[in-house]
Amino acid sequence: MRGRAGAATSAAKAPMRRPRIPYSRAEIEEIFRRFAVQRPEPQTELAYTNPFTLLVAVALSAQATDAGVNKATKALFTAAATPEAMLALGEERVRDFIKTIGLFRNKARNVIALSRALVEHHGGAVPPDRAALEALPGVGRKTANVVLNTAFGEPTLAVDTHIFRLGNRLRLAPGKTPEAVEAGLMRIIPKPYLRHAHHWLILHGRYVCKARRPECDICIIADLCKAPVKTTALPAPLVPLAPPDGGQGEGSAAHLSPG
(Lines give C-alpha, C1' and ligand atoms only; values in the text may rest on other atoms or scores of the structure.)
Protein backbone atom coordinates (compact mmCIF):
# COMPACT_ATOMS: atom_id res chain seq x y z
CA MET A 1 0.00 0.00 0.00
CA ARG A 2 2.79 2.39 0.93
CA GLY A 3 4.57 1.61 -2.32
CA ARG A 4 1.50 2.45 -4.37
CA ALA A 5 0.87 5.63 -2.38
CA GLY A 6 4.48 6.65 -2.82
CA ALA A 7 4.32 6.02 -6.55
CA ALA A 8 1.14 8.05 -6.83
CA THR A 9 2.72 10.93 -4.92
CA SER A 10 5.81 10.84 -7.13
CA ALA A 11 3.64 10.84 -10.25
CA ALA A 12 1.68 13.80 -8.94
CA LYS A 13 4.88 15.75 -8.32
CA ALA A 14 6.44 14.88 -11.67
CA PRO A 15 6.59 17.90 -14.00
CA MET A 16 4.24 17.89 -16.97
CA ARG A 17 5.92 17.17 -20.27
CA ARG A 18 5.99 20.01 -22.73
CA PRO A 19 4.10 19.13 -25.90
CA ARG A 20 6.43 18.39 -28.79
CA ILE A 21 6.07 20.69 -31.76
CA PRO A 22 6.82 19.77 -35.39
CA TYR A 23 9.03 22.78 -36.11
CA SER A 24 12.78 23.21 -36.08
CA ARG A 25 14.33 26.34 -34.57
CA ALA A 26 15.24 27.47 -38.07
CA GLU A 27 11.63 27.14 -39.21
CA ILE A 28 10.33 29.14 -36.27
CA GLU A 29 12.94 31.81 -36.91
CA GLU A 30 11.87 32.00 -40.55
CA ILE A 31 8.17 32.26 -39.67
CA PHE A 32 8.74 35.33 -37.52
CA ARG A 33 11.29 36.80 -39.90
CA ARG A 34 8.60 36.81 -42.58
CA PHE A 35 6.05 38.35 -40.23
CA ALA A 36 8.61 41.09 -39.54
CA VAL A 37 9.13 41.75 -43.25
CA GLN A 38 5.40 41.86 -43.92
CA ARG A 39 4.57 44.14 -40.96
CA PRO A 40 7.75 45.90 -39.73
CA GLU A 41 5.87 48.00 -37.16
CA PRO A 42 2.58 46.27 -36.35
CA GLN A 43 0.07 48.18 -34.24
CA THR A 44 -3.06 47.43 -32.30
CA GLU A 45 -6.30 48.12 -34.13
CA LEU A 46 -7.78 49.68 -31.01
CA ALA A 47 -7.81 53.48 -31.12
CA TYR A 48 -6.11 55.19 -28.17
CA THR A 49 -4.11 58.31 -27.34
CA ASN A 50 -2.32 57.47 -24.09
CA PRO A 51 -1.78 54.49 -21.76
CA PHE A 52 -5.04 55.20 -19.92
CA THR A 53 -7.22 55.23 -23.01
CA LEU A 54 -5.41 52.09 -24.21
CA LEU A 55 -6.14 50.38 -20.89
CA VAL A 56 -9.82 51.31 -21.10
CA ALA A 57 -10.09 50.27 -24.75
CA VAL A 58 -8.56 46.86 -24.07
CA ALA A 59 -10.80 46.33 -21.04
CA LEU A 60 -13.83 47.17 -23.18
CA SER A 61 -12.74 44.85 -25.99
CA ALA A 62 -13.59 41.63 -24.14
CA GLN A 63 -16.29 39.83 -26.13
CA ALA A 64 -16.40 42.75 -28.58
CA THR A 65 -14.73 43.65 -31.86
CA ASP A 66 -12.04 46.31 -32.09
CA ALA A 67 -14.17 48.17 -34.64
CA GLY A 68 -17.13 48.19 -32.28
CA VAL A 69 -14.99 49.42 -29.39
CA ASN A 70 -13.44 52.17 -31.52
CA LYS A 71 -16.87 53.39 -32.57
CA ALA A 72 -17.95 53.72 -28.93
CA THR A 73 -14.71 55.15 -27.53
CA LYS A 74 -14.25 57.88 -30.13
CA ALA A 75 -16.72 60.12 -28.32
CA LEU A 76 -15.90 58.70 -24.87
CA PHE A 77 -12.20 59.54 -25.11
CA THR A 78 -12.98 63.00 -26.46
CA ALA A 79 -14.99 63.60 -23.31
CA ALA A 80 -12.62 61.83 -20.92
CA ALA A 81 -9.03 60.86 -21.73
CA THR A 82 -7.71 60.72 -18.15
CA PRO A 83 -8.79 58.85 -15.02
CA GLU A 84 -9.78 62.12 -13.38
CA ALA A 85 -11.97 63.14 -16.32
CA MET A 86 -13.52 59.66 -16.44
CA LEU A 87 -14.45 59.87 -12.76
CA ALA A 88 -15.99 63.30 -13.33
CA LEU A 89 -18.00 61.85 -16.20
CA GLY A 90 -19.55 59.23 -13.92
CA GLU A 91 -20.78 55.68 -14.45
CA GLU A 92 -24.13 56.61 -15.97
CA ARG A 93 -22.62 58.77 -18.71
CA VAL A 94 -19.93 56.16 -19.41
CA ARG A 95 -22.73 53.63 -19.90
CA ASP A 96 -24.37 55.93 -22.43
CA PHE A 97 -21.15 56.18 -24.44
CA ILE A 98 -20.48 52.42 -24.54
CA LYS A 99 -24.02 50.98 -24.64
CA THR A 100 -23.38 49.49 -28.09
CA ILE A 101 -20.70 47.20 -26.59
CA GLY A 102 -21.56 43.84 -25.03
CA LEU A 103 -21.69 43.74 -21.22
CA PHE A 104 -21.62 47.54 -21.20
CA ARG A 105 -23.11 47.90 -17.71
CA ASN A 106 -20.40 45.83 -16.02
CA LYS A 107 -17.73 47.42 -18.20
CA ALA A 108 -18.85 50.94 -17.30
CA ARG A 109 -18.70 50.01 -13.62
CA ASN A 110 -15.17 48.65 -14.07
CA VAL A 111 -14.00 51.70 -16.02
CA ILE A 112 -15.07 53.97 -13.19
CA ALA A 113 -13.60 51.63 -10.56
CA LEU A 114 -10.23 51.31 -12.31
CA SER A 115 -10.14 55.08 -12.88
CA ARG A 116 -10.68 55.62 -9.17
CA ALA A 117 -7.96 53.08 -8.33
CA LEU A 118 -5.50 54.82 -10.66
CA VAL A 119 -6.19 58.21 -9.06
CA GLU A 120 -6.10 56.94 -5.48
CA HIS A 121 -3.17 54.54 -5.71
CA HIS A 122 -1.08 55.56 -8.74
CA GLY A 123 -1.38 59.33 -8.99
CA GLY A 124 -3.58 59.03 -12.07
CA ALA A 125 -0.90 57.17 -14.07
CA VAL A 126 -1.13 53.69 -15.54
CA PRO A 127 1.51 51.58 -13.75
CA PRO A 128 4.03 49.73 -15.97
CA ASP A 129 3.82 46.74 -13.64
CA ARG A 130 1.92 43.48 -14.14
CA ALA A 131 0.85 42.94 -10.54
CA ALA A 132 -0.38 46.53 -10.21
CA LEU A 133 -2.29 46.31 -13.48
CA GLU A 134 -3.93 43.00 -12.62
CA ALA A 135 -5.02 44.47 -9.28
CA LEU A 136 -7.17 47.02 -11.13
CA PRO A 137 -10.92 46.26 -11.43
CA GLY A 138 -11.75 44.45 -14.68
CA VAL A 139 -8.10 43.93 -15.64
CA GLY A 140 -6.82 40.38 -16.10
CA ARG A 141 -3.63 38.88 -17.46
CA LYS A 142 -4.55 39.39 -21.11
CA THR A 143 -5.35 43.08 -20.67
CA ALA A 144 -2.21 43.61 -18.61
CA ASN A 145 -0.10 41.93 -21.30
CA VAL A 146 -1.54 44.16 -24.03
CA VAL A 147 -0.90 47.34 -22.04
CA LEU A 148 2.62 46.30 -21.06
CA ASN A 149 3.43 45.45 -24.67
CA THR A 150 1.73 48.29 -26.53
CA ALA A 151 2.13 51.19 -24.08
CA PHE A 152 5.43 50.28 -22.44
CA GLY A 153 7.27 48.17 -25.01
CA GLU A 154 7.50 45.03 -22.87
CA PRO A 155 7.96 41.68 -24.71
CA THR A 156 4.68 40.24 -23.45
CA LEU A 157 2.17 38.17 -25.36
CA ALA A 158 -1.58 38.36 -24.76
CA VAL A 159 -3.44 35.25 -25.88
CA ASP A 160 -6.79 36.19 -27.37
CA THR A 161 -9.03 33.89 -29.43
CA HIS A 162 -6.89 34.40 -32.55
CA ILE A 163 -3.59 33.53 -30.88
CA PHE A 164 -5.14 30.62 -28.99
CA ARG A 165 -6.41 29.23 -32.30
CA LEU A 166 -3.05 29.69 -34.06
CA GLY A 167 -1.08 28.13 -31.24
CA ASN A 168 -3.16 24.98 -31.54
CA ARG A 169 -3.99 24.91 -35.25
CA LEU A 170 -0.42 25.54 -36.40
CA ARG A 171 0.89 23.35 -33.56
CA LEU A 172 3.33 26.08 -32.61
CA ALA A 173 2.23 26.04 -28.97
CA PRO A 174 -0.57 23.55 -28.35
CA GLY A 175 -2.39 24.03 -25.08
CA LYS A 176 -5.79 23.67 -23.46
CA THR A 177 -5.70 27.10 -21.81
CA PRO A 178 -4.58 30.58 -22.86
CA GLU A 179 -1.90 30.41 -20.18
CA ALA A 180 -0.50 27.18 -21.65
CA VAL A 181 -0.43 28.64 -25.17
CA GLU A 182 1.22 31.82 -23.88
CA ALA A 183 3.90 29.84 -22.07
CA GLY A 184 4.53 27.71 -25.16
CA LEU A 185 4.88 30.69 -27.47
CA MET A 186 7.11 32.58 -25.06
CA ARG A 187 9.45 29.55 -25.02
CA ILE A 188 9.79 29.22 -28.79
CA ILE A 189 9.63 32.75 -30.22
CA PRO A 190 13.16 34.06 -30.85
CA LYS A 191 13.96 37.01 -28.57
CA PRO A 192 14.48 39.54 -31.38
CA TYR A 193 10.86 38.99 -32.42
CA LEU A 194 9.13 38.90 -29.02
CA ARG A 195 8.35 42.62 -28.95
CA HIS A 196 5.95 42.44 -31.92
CA ALA A 197 4.95 38.76 -31.91
CA HIS A 198 1.68 39.55 -30.15
CA HIS A 199 0.44 41.79 -32.96
CA TRP A 200 1.83 39.67 -35.79
CA LEU A 201 -0.05 36.62 -34.55
CA ILE A 202 -3.31 38.48 -33.89
CA LEU A 203 -3.30 40.09 -37.32
CA HIS A 204 -2.38 36.81 -39.03
CA GLY A 205 -5.26 35.08 -37.25
CA ARG A 206 -7.70 37.90 -37.96
CA TYR A 207 -6.99 38.36 -41.67
CA VAL A 208 -5.38 35.14 -42.94
CA CYS A 209 -5.69 32.09 -40.69
CA LYS A 210 -9.34 32.75 -39.94
CA ALA A 211 -11.49 30.69 -37.59
CA ARG A 212 -13.94 29.20 -40.06
CA ARG A 213 -11.64 28.74 -43.03
CA PRO A 214 -7.98 29.72 -43.26
CA GLU A 215 -7.11 31.63 -46.43
CA CYS A 216 -3.96 29.69 -47.20
CA ASP A 217 -3.58 31.21 -50.66
CA ILE A 218 -2.63 34.56 -49.10
CA CYS A 219 -0.46 33.07 -46.33
CA ILE A 220 3.23 33.97 -46.35
CA ILE A 221 4.15 30.94 -44.23
CA ALA A 222 2.11 28.30 -46.08
CA ASP A 223 5.22 26.29 -46.91
CA LEU A 224 6.31 26.19 -43.26
CA CYS A 225 2.89 25.72 -41.68
CA LYS A 226 2.17 22.30 -40.14
CA ALA A 227 -1.58 22.80 -39.74
CA PRO A 228 -3.50 19.69 -40.90
CA VAL A 229 -6.20 21.95 -42.41
CA LYS A 230 -3.92 23.93 -44.73
CA THR A 231 -4.86 23.82 -48.39
CA THR A 232 -1.60 24.77 -50.08
CA ALA A 233 2.14 24.56 -49.48
CA LEU A 234 2.88 27.51 -51.77
CA PRO A 235 3.54 30.71 -49.79
CA ALA A 236 2.12 34.04 -50.87
CA PRO A 237 4.62 36.70 -52.03
CA LEU A 238 6.47 38.27 -49.12
CA VAL A 239 6.08 42.03 -49.45
CA PRO A 240 5.68 44.74 -46.82
CA LEU A 241 2.07 45.77 -46.27
CA ALA A 242 1.08 49.41 -46.34
CA PRO A 243 0.43 50.90 -42.88
CA PRO A 244 -3.27 50.76 -41.93
CA ASP A 245 -5.34 53.88 -42.44
CA GLY A 246 -6.51 55.80 -39.36
CA GLY A 247 -8.24 54.48 -36.27
CA GLN A 248 -5.15 52.73 -35.05
CA GLY A 249 -3.11 53.09 -31.90
CA GLU A 250 -0.81 56.07 -31.84
CA GLY A 251 2.43 54.20 -31.32
CA SER A 252 4.80 53.11 -28.59
CA ALA A 253 5.21 54.55 -25.13
CA ALA A 254 7.80 56.97 -26.43
CA HIS A 255 5.04 58.74 -28.37
CA LEU A 256 2.34 58.58 -25.71
CA SER A 257 1.41 61.25 -23.26
CA PRO A 258 1.20 60.09 -19.65
CA GLY A 259 -2.16 58.60 -18.73
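Treat the numbers as computed from the prediction; the structure is a model and nothing was measured. All values below were derived from every heavy atom in this structure, side-chain atoms included, with hydrogens, water molecules and symmetry-related copies excluded.
Residues Arg195 and Asn149 form a side-chain contact, since some pair of their non-hydrogen atoms from C-beta on lies under 4.5 Å apart. Proximity of Phe32 to Pro192: side-chain heavy atoms (C-beta onward) are nowhere separated by under 4.5 Å. With a 4.5 Å cut-off on side-chain heavy atoms, Phe104 and Phe97 do not count as touching. Using a 4.5 Å heavy-atom threshold, the side chains of Pro127 and Leu118 count as touching. Under the 4.5 Å side-chain criterion, counting only non-hydrogen atoms from C-beta, Ile28 is in contact with Pro190. Looking at Thr44 and Val146, their side chains never come closer than 4.5 Å, going by heavy atoms from C-beta outward. Residues Glu84 and Leu87 have side chains not in contact (no heavy-atom distance under 4.5 Å, counting atoms from C-beta outward). Side-chain atoms of Ile112 and Val94, non-hydrogen and from C-beta on, do get closer than 4.5 Å to each other.
One hydrophobic cluster, built from ILVMFWY side chains closer than 4.5 Å, cannot hold both Leu224 and Tyr207; they sit in different ones. Using a 4.5 Å cut-off between side-chain heavy atoms of Ile, Leu, Val, Met, Phe, Trp and Tyr, with links allowed through other members, Ile21 and Ile163 fall into the same hydrophobic cluster. Connection of Ile202 to Val208 is not established within any shared hydrophobic cluster, with ILVMFWY side chains joined at heavy-atom distances below 4.5 Å, either directly or through further cluster members. Val111 is not connected to Leu103 by any chain of hydrophobic side-chain contacts under 4.5 Å among Ile, Leu, Val, Met, Phe, Trp and Tyr, and they are in different clusters. Tracing side-chain contacts under 4.5 Å through hydrophobic residues (I, L, V, M, F, W, Y), one reaches Val147 starting from Val139; they form part of the same cluster.
For Arg105, the side-chain contact (heavy atoms from CB on, under 4.5 Å) partners are Arg95, not counting sequence neighbours. Take His204 and apply the ring pair (Phe, Tyr, Trp, His ring centres under 6.0 Å) test, not counting sequence neighbours, and it matches Phe35.
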Applying side-chain contact (heavy atoms from CB on, under 4.5 Å) to His198 and Val159, what does each step give before you reach the verdict?
CA-CA 8 Å; His198 164 76; Val159 177; over 6 Å; no
I would like to know whether Glu134 and Thr143 meet side-chain contact (heavy atoms from CB on, under 4.5 Å); could you show each step before the answer?
CA-CA 8 Å; Glu134 291 187 21; Thr143 298; over 6 Å; no
Is there a side-chain contact (heavy atoms from CB on, under 4.5 Å) between Thr53 and Leu76 once you walk through the steps?
CA-CA 10 Å; Thr53 54; Leu76 174 64; over 6 Å; no
Let's go through Tyr23 and Ile31 carefully: what are the C-alpha distance in whole Å and the side-chain angles of both, what is the deciding distance for side-chain contact (heavy atoms from CB on, under 4.5 Å) to 0.1 Å, and is it a yes or a no?
CA-CA 10 Å; Tyr23 294 89; Ile31 285 171; 3.8 Å; yes
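When every heavy atom of Ile189 is checked against every heavy atom of Ala197, the shortest pair comes out as CD1-CB, 3.7 Å. Taking every heavy atom of both residues into account, Ala36 and Tyr193 meet most closely at CB-CE2, 4.0 Å. Of all the heavy atoms in Ala144 and Arg130, the pair that sits closest is CB-NH1, 4.5 Å. Nearest heavy-atom pair, Ile98 versus Ala108, reported as atom, atom and distance to 0.1 Å: CD1-N, 3.8 Å. Between Asp160 and Lys142, the shortest heavy-atom contact is CA-CD, 4.0 Å. Counting all heavy atoms, side chain and backbone alike, Gly138 lies closest to Ala59 at O-CB, 4.4 Å.
Within the model, atoms CD of Glu91 and NZ of Lys107 stand 14.5 Å from one another, a figure rounded to the nearest 0.5 Å. Interatomic distance, Leu136 CG to Leu55 CG, rounded to the nearest 0.5 Å: 6.5 Å. A distance of 13.0 Å separates CG of Leu157 from NE2 of His196, quoted to the nearest 0.5 Å. The structure places CD1 of Ile101 at 13.0 Å from CG of Asn106, a figure rounded to the nearest 0.5 Å. Summarising the geometry, atom CG belonging to Asp96 is positioned 11.0 Å from atom OG1 belonging to Thr100; distances are rounded to the nearest 0.5 Å. Here Asn50 contributes atom CG and Phe52 contributes atom CZ; the two are 8.0 Å apart, rounded to the nearest 0.5 Å.
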Show the atom names and distances, to 0.1 Å, of all donor-acceptor pairs under 3.5 Å that link a side chain in residues 165-185 to residues at least two apart or in another chain.
unit_1 : atom_1 : unit_2 : atom_2 : d
Arg165 : NE     : Cys209 : O      : 3.2
Arg165 : NH2    : His162 : ND1    : 3.1
Arg165 : NH2    : Gly205 : O      : 2.7
Arg165 : NH2    : Cys209 : O      : 3.0
Asn168 : OD1    : Gly175 : N      : 3.0
Asn168 : ND2    : Phe164 : O      : 3.0
Asn168 : ND2    : Gly175 : O      : 3.1
Arg169 : NH1    : Cys209 : O      : 3.4
Arg169 : NH1    : Lys210 : O      : 2.8
Arg169 : NH2    : Lys210 : O      : 3.1
Arg169 : NH2    : Ala211 : O      : 2.9
Arg171 : NE     : Lys226 : O      : 3.4
Arg171 : NH2    : Lys226 : O      : 3.0
Thr177 : OG1    : Ala180 : N      : 3.1
Glu182 : OE1    : Arg141 : NE     : 2.9
Glu182 : OE2    : Arg141 : NE     : 3.3
Glu182 : OE2    : Arg141 : NH2    : 2.8
Glu182 : OE2    : Asn145 : ND2    : 3.4

Please list, one pair per line, the donor and acceptor atoms closer than 3.5 Å that link side chains of residues 230-243 to other protein atoms, with sequence neighbours excluded.
unit_1 : atom_1 : unit_2 : atom_2 : d
Lys230 : NZ     : Ala222 : O      : 2.6
Lys230 : NZ     : Cys225 : O      : 2.9
Thr232 : OG1    : Leu234 : N      : 3.1

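One N or O on the side chain of Asn70 and one on the backbone of Glu45 form a donor-acceptor pair closer than 3.5 Å. A donor-acceptor pair under 3.5 Å is absent between the side-chain atoms of Ser61 and the main chain of Ala64, judged by distance alone.
Sorted by first then second residue, the side chain to side chain donor-acceptor pair (under 3.5 Å) pairs that include residues 31-40, not counting sequence neighbours, are Glu30-Arg33, Glu30-Arg34, Arg34-Asp223. Evaluation of the salt bridge (charged side-chain N to carboxylate O under 4.0 Å, His left out) test over residues 61-73, restricted to residues two or more places apart or in two chains, returns Asp66-Arg206.
For Arg25, the CZ atom sits in a loose shell: 12 or fewer heavy atoms of surrounding residues, nucleotides or ligands are nearer than 6.0 Å.
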